[in-house]
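Below: one structure, written as structure tokens.
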Amino acid sequence: MTMKHFFSTILFFIFTSLHLFAQNTRTISGYVIDEKNRQIIVGAQISSNHATSSVTSNEKGFFSITLQEGQGRDTLIIQHQGNQTYILPLKKRNQYMVYMDRSVSDMNEEAKELETVLIKGHRKKLIDPFLHISLDSALALAEKEEKQVLLYVNASWCGMCRLLDKTLFQQDTVIHRLRNDVIPVKVDVDSYKGAKLNKKFNIAGYPTFLMIRPDRNVSNRNVGIIFYRKDRDDPAGLFQFIDEGYAYQGESIQVSEEELIHIQLAKEDYESVRFGVKLASHFNASREEQVQRGTGFEVGGFAHFNKKRFMFRPGVSYFSTGINEETLSSLILPVGLGYAFYKNSTFVIPSEFNVLLTPFYQYNFSGNLAGIASHNYGMRYGIDYQFGGDATLGITLSYQHYLNTSLPDQNGIHLGVYFTLPPQ
């Protein structure tokens, strides 16, 4: 071997060793969090089977440690107040939220690989990082802790809100930031508390996020901030929203022109006329043995109007029933008047209950039946349940009472099913 070849071989081994060393070294960083209260843990000692030295978490719970990969998996060893926990970091990630359960000293066998490290294993139910308190209480707490309130206005029937609850707000980095940087408050718009906030802040859609200072000034607001800026499971949009709220020191941010347009369109859509079809049955309550009556059937159409919680529903129907083996055919003109005393959701679908009062006029085609006049009128007293968004499916249950005597003992139960088409 010549001297030239000898030095070439030496240089090759040196560069190869340096390259391999660089390939097998990486830095792991993250935060050590107490799992029970999601608070940071200061002074936790972090070491590893492949680390050259150990480090401790600082006043923010942050740590950073350099690992030299060897055979087998890297194992972080976390020690704090005499307890010791082993976790297995993910190989493709360099930042982690490290949860410690101080009641367990050794969880090596139960360590799980998740998107972020959660040493206690799989979650059995969704975590709710929000407080369910009044805005006044939240603002008082924000003033005490020198923070701002992050108000999350949602609706139980809002599909995107539920997706956020299952994705974004289950991420450890998001939970940690909500519980440490802001006073997070979640309000359902269909609750009494939500209705007041909806009116106070002119909520245009759901979800709506507001950053509110203790002096009650709104420092940031937006509808669906997550989907405007980032994907729904990307926390960057939410974090940017929080940062902008703290950075803004001016007067209260008002409703934007875009939100006002959204509010107006939503109102016009809700109050637009809808058309529907209805199928109903009448169960007669006759107790006279000499008068035999069967179940009556009604089919027809109607127009549906809404104004706030009030409902107006005029219609026209064809009605047929049997009396003493004769068929009575009628034209009915009902006018439904309703008030929504309950508005919420059923299986994530908007729904409401209405008290229903329906005066009606009935014209009988078979006027030659004994004791049956051509013109009759009456009243239905009952409730109405409907669910759906643009199109609705509903059920009506009423007691039907005739106010004249031309149809003796025709009072009974009116049960109807209807479907409304979306507004044009």
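Both backbone and side-chain heavy atoms feed into the values below; hydrogens, waters and symmetry mates do not. This is a predicted model, so every value here is computed, not measured.
Taking the side chain as every heavy atom from C-beta outward, Tyr377 and His375 never approach each other to under 4.5 Å. Residues Val185 and Ile133 meet the side-chain proximity criterion, which asks for heavy atoms closer than 4.5 Å. Annotation: side chain of Phe297 is not in contact with side chain of Thr321 (no heavy-atom distance under 4.5 Å). Looking at heavy atoms from C-beta onward, Tyr361 lies out of side-chain contact with Ile332 at the 4.5 angstrom threshold. Side-chain contact between Ile28 and Thr66 is absent, with no heavy-atom pair separated by less than 4.5 Å. Within the 4.5 Å cutoff, no side-chain heavy atoms of Lys147 are placed close to those of Val182. Between Pro129 and Pro184, the closest side-chain pair of non-hydrogen atoms is not below 4.5 Å. Looking at heavy atoms from C-beta onward, Thr392 lies in side-chain contact with Arg274 at the 4.5 angstrom threshold.
For the pair Pro235 and Val174, the tightest heavy-atom approach, listed with the atom from each and the gap, is CB-CG2, 3.4 Å. Closest heavy-atom contact between Leu178 and Phe169: CD1-CD2, 4.0 Å. Closest non-hydrogen pair, Tyr342 versus Arg309, comes out as N-NH1, 4.1 Å. Between Phe63 and Val32 the shortest heavy-atom distance is CD2-CG2, 3.8 Å. In plain terms, the two heavy atoms of Ala280 and Gly416 that are nearest each other are CB-CA, 3.7 Å. Contact detail for Ser252 and Asn217: the closest heavy-atom pair is CB-OD1, 3.3 Å.
Between Thr420 atom OG1 and His304 atom NE2 the span is 6.5 Å, to the nearest 0.5 Å. Remark: Thr208 OG1 to Asn202 CG distance equals 10.5 Å, nearest 0.5 Å. With rounding to the nearest 0.5 angstrom, the CG atom of Leu151 is 12.5 Å from the CG atom of Asn220. Rounded to the nearest 0.5 Å, atoms CG (Leu135) and CZ (Arg216) are 6.0 Å apart. Rounded to the nearest 0.5 angstrom, Leu150 CG and Ile183 CD1 are separated by 10.0 Å. One distance of note links OG of Ser53 with CD1 of Ile65; it measures 6.5 Å at 0.5 Å rounding.
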I'd like to know whether Ser57 forms a side-chain contact (heavy atoms from CB on, under 4.5 Å) with Phe62, so could you lay out the CA-CA distance, the side-chain angles of the two residues, the decisive distance to 0.1 Å, and finally the verdict. CA-CA 5 Å; Ser57 57; Phe62 179 80; over 6 Å; no

Start with the C-alpha gap between Ile383 and Ile395, add the side-chain angles, then the distance that decides, and say whether side-chain contact (heavy atoms from CB on, under 4.5 Å) holds. CA-CA 9 Å; Ile383 59 173; Ile395 300 174; over 6 Å; no

Apply ring pair (Phe, Tyr, Trp, His ring centres under 6.0 Å) to Tyr402 and Phe360, showing your working. CA-CA 9 Å; Tyr402 281 88; Phe360 66 91; 5.5 Å; yes

Report the C-alpha separation of Glu298 and Arg380 in whole Å, then their side-chain angles, then the decisive distance to 0.1 Å, and conclude whether the salt bridge (Lys or Arg N to Asp or Glu O under 4.0 Å) test is met. CA-CA 14 Å; Glu298 179 181 335; Arg380 296 171 185 166; 3.1 Å; yes

What's the verdict on side-chain contact (heavy atoms from CB on, under 4.5 Å) for Met211 and Ile242, showing C-alpha distance, side-chain angles and the deciding distance? CA-CA 7 Å; Met211 287 288 289; Ile242 293 174; 4.2 Å; yes

After noting the C-alpha distance and the side-chain angles of Asn154 and Asp188, does the key distance pass the side-chain contact (heavy atoms from CB on, under 4.5 Å) rule? CA-CA 5 Å; Asn154 75 331; Asp188 190 325; 4.2 Å; yes

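Side-chain contact of Ser351 with Gln386: a donor-acceptor pair under 3.5 Å is absent, judged by distance alone. In summary, the side chains of Asp165 and Tyr152 do present a donor paired with an acceptor at a separation below 3.5 Å, with no hydrogens or angles considered. The closest side-chain donor-acceptor pair between Asn364 and Ser374, if any, does not fall under 3.5 angstrom. Side-chain N/O atoms of Gln45 and Thr56 include no donor and acceptor closer than 3.5 Å. With 3.5 Å as the limit, one finds a donor-acceptor pair spanning the side chains of Tyr418 and Arg313. Using a 3.5 Å distance cut-off with no hydrogens or angles, the side chains of His176 and Asp172 do not pair a donor with an acceptor.
When ring centroids are compared, Phe275 and Phe302 stay outside the 6.0 Å threshold. Residues Tyr385 and Phe387 bring their aromatic ring centres within 6.0 Å. The aromatic ring centroids of Phe319 and Tyr363 lie 6.0 Å or more from each other.
Checked against ring-ring contact (aromatic ring centres under 6.0 Å, His included), Tyr381 has no partners two or more places apart in sequence or in another chain. In this structure Arg177 satisfies the salt bridge (Lys or Arg N to Asp or Glu O under 4.0 Å) test together with Asp181, Asp243, sequence neighbours excluded.
In this structure, Asn354 contributes its side chain and Leu356 its backbone to no donor-acceptor pair below 3.5 Å.
Checking Gln148, Arg213, Glu251 one by one against Ser219, the side-chain hydrogen bond (donor to acceptor under 3.5 Å, both in side chains) holds for a single residue, Gln148.
Note on ring orientation: taking the six-membered ring where Trp is involved, the planes of His414 and His282 are perpendicular (angle over 60°, cut-offs 30° and 60°).
The number of heavy-atom neighbours closer than 6.0 Å to NZ of Lys196, taken from other residues, nucleotides and ligands shown, is 12 or below.
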